[in-house]
Amino acid sequence: MAQRRPSAGHEHDMAKPSFAAAKQTCARCRSARMARTRPSRVKVLRVGSEDTYLTVEEAGIVEMGALDMHEKFLARLTISSLNLLRKVAEEEGCSIEELNAGKVVDWFAADKKKRDDDPDSATLHW
């Protein structure tokens, strides 16, 4: 099979058929491919935007850490979860230590009701 020439500015072939080759494509190409296949109803959030629970500074700390890709993902997820738990505790009127599964589920249910009634009044925007 004849291989296509890489796009301008790329040193690899974007049309490689194997899974292993697809894993080796650059982040820019993966993002472009995802953008083409992403359903239009999905809202893409940027780190540090108003709707996220991970600041640019926190993301920078994670990126500077000596972590592999999976560890960085888990670190970002954990930090953003911690920030959301702070918000949940504040709205529930308790400390993070006092939160439990029931309080968190109740908060999510209440936030869903807010979103159903008035999407702008909810904390989470899906």
Side-chain angles (χ1 to χ4, degrees):
M1 180 172 142
Q3 291 190 352
R4 294 188 322 191
R5 294 189 57 89
S7 310
H10 284 77
E11 64 281 350
H12 62 81
D13 177 17
M14 290 176 30
K16 292 181 182 174
S18 73
F19 177 73
K23 284 175 51 178
Q24 295 174 359
T25 59
C26 73
R28 187 170 144 198
C29 291
R30 282 193 307 270
S31 295
R33 185 172 45 245
M34 287 178 63
R36 288 192 304 269
T37 60
R38 184 180 294 124
S40 60
R41 63 177 162 51
V42 173
K43 181 178 180 183
V44 178
L45 299 177
R46 303 261 185 255
V47 170
S49 74
E50 187 177 301
D51 294 332
T52 66
Y53 286 92
L54 184 68
T55 66
V56 173
E57 292 80 13
E58 291 165 336
I61 291 169
V62 171
E63 286 305 310
M64 291 181 349
L67 305 172
D68 68 24
M69 179 179 69
H70 298 96
E71 292 165 332
K72 286 180 181 181
F73 169 77
L74 187 55
R76 287 189 300 267
L77 179 63
T78 303
I79 293 165
S80 62
S81 296
L82 174 62
N83 293 337
L84 181 58
L85 285 172
R86 288 181 178 136
K87 178 74 171 171
V88 171
E90 176 187 314
E91 290 186 13
E92 289 292 311
C94 63
S95 67
I96 291 177
E97 292 80 14
E98 294 173 313
L99 286 177
N100 58 37
K103 287 181 180 181
V104 171
V105 170
D106 289 346
W107 181 88
F108 270 90
D111 196 62
K112 180 184 185 316
K113 182 170 178 5
K114 284 185 209 175
R115 191 171 44 258
D116 291 344
D117 295 343
D118 177 18
D120 293 334
S121 69
T123 299
L124 300 174
H125 303 279
W126 315 88

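- A distance of 10.5 Å separates CG of Leu54 from OG1 of Thr78, quoted to the nearest 0.5 Å.
- Leu74 is not listed as a side-chain neighbour of Leu67, based on a closest heavy-atom distance of 4.5 Å or more.
- Lys114 approaches Ala122 most closely through the heavy-atom pair CB-CA, 4.1 Å.
- The pair Arg86-Glu90 fails the salt-bridge criterion, with no side-chain N (NZ, NE, NH1 or NH2) lying under 4.0 Å from an Asp/Glu carboxylate O.
- A continuous path of Ile, Leu, Val, Met, Phe, Trp and Tyr side chains, each step under 4.5 Å between heavy atoms, connects Phe108 with Tyr53, placing both in one hydrophobic cluster.
- Contact check for Ile79 versus Thr55: no side-chain heavy atoms found under the 4.5 Å cut-off.
- Within the 4.5 Å cutoff, no side-chain heavy atoms of Glu92 are placed close to those of Glu98.
- Crowding of Lys112 atom NZ: a count of heavy atoms from other residues, nucleotides or ligands under 6.0 Å not exceeding 12.
- When all heavy atoms are compared, the tightest approach of Leu99 to Val88 is CD2-CG1, 3.9 Å.
- Between Ser95 and Ala89, the shortest heavy-atom distance links the atoms C-CB, 3.9 Å.
- Scored by the side chain to side chain donor-acceptor pair (under 3.5 Å) test, Lys113 finds Asp117 as partners (sequence neighbours excluded).
- In terms of hydrophobic clustering, with Ile, Leu, Val, Met, Phe, Trp and Tyr side chains grouped at heavy-atom distances under 4.5 Å, Ile96 and Trp107 are assigned to different clusters.
- Glu63 has a carboxylate O that lies under 4.0 Å from a charged side-chain N of Arg76, or vice versa, which qualifies the two as a salt bridge.
- Nearest heavy atom pair, residue Asp111 against residue Leu124, reads OD2-N, 3.0 Å.
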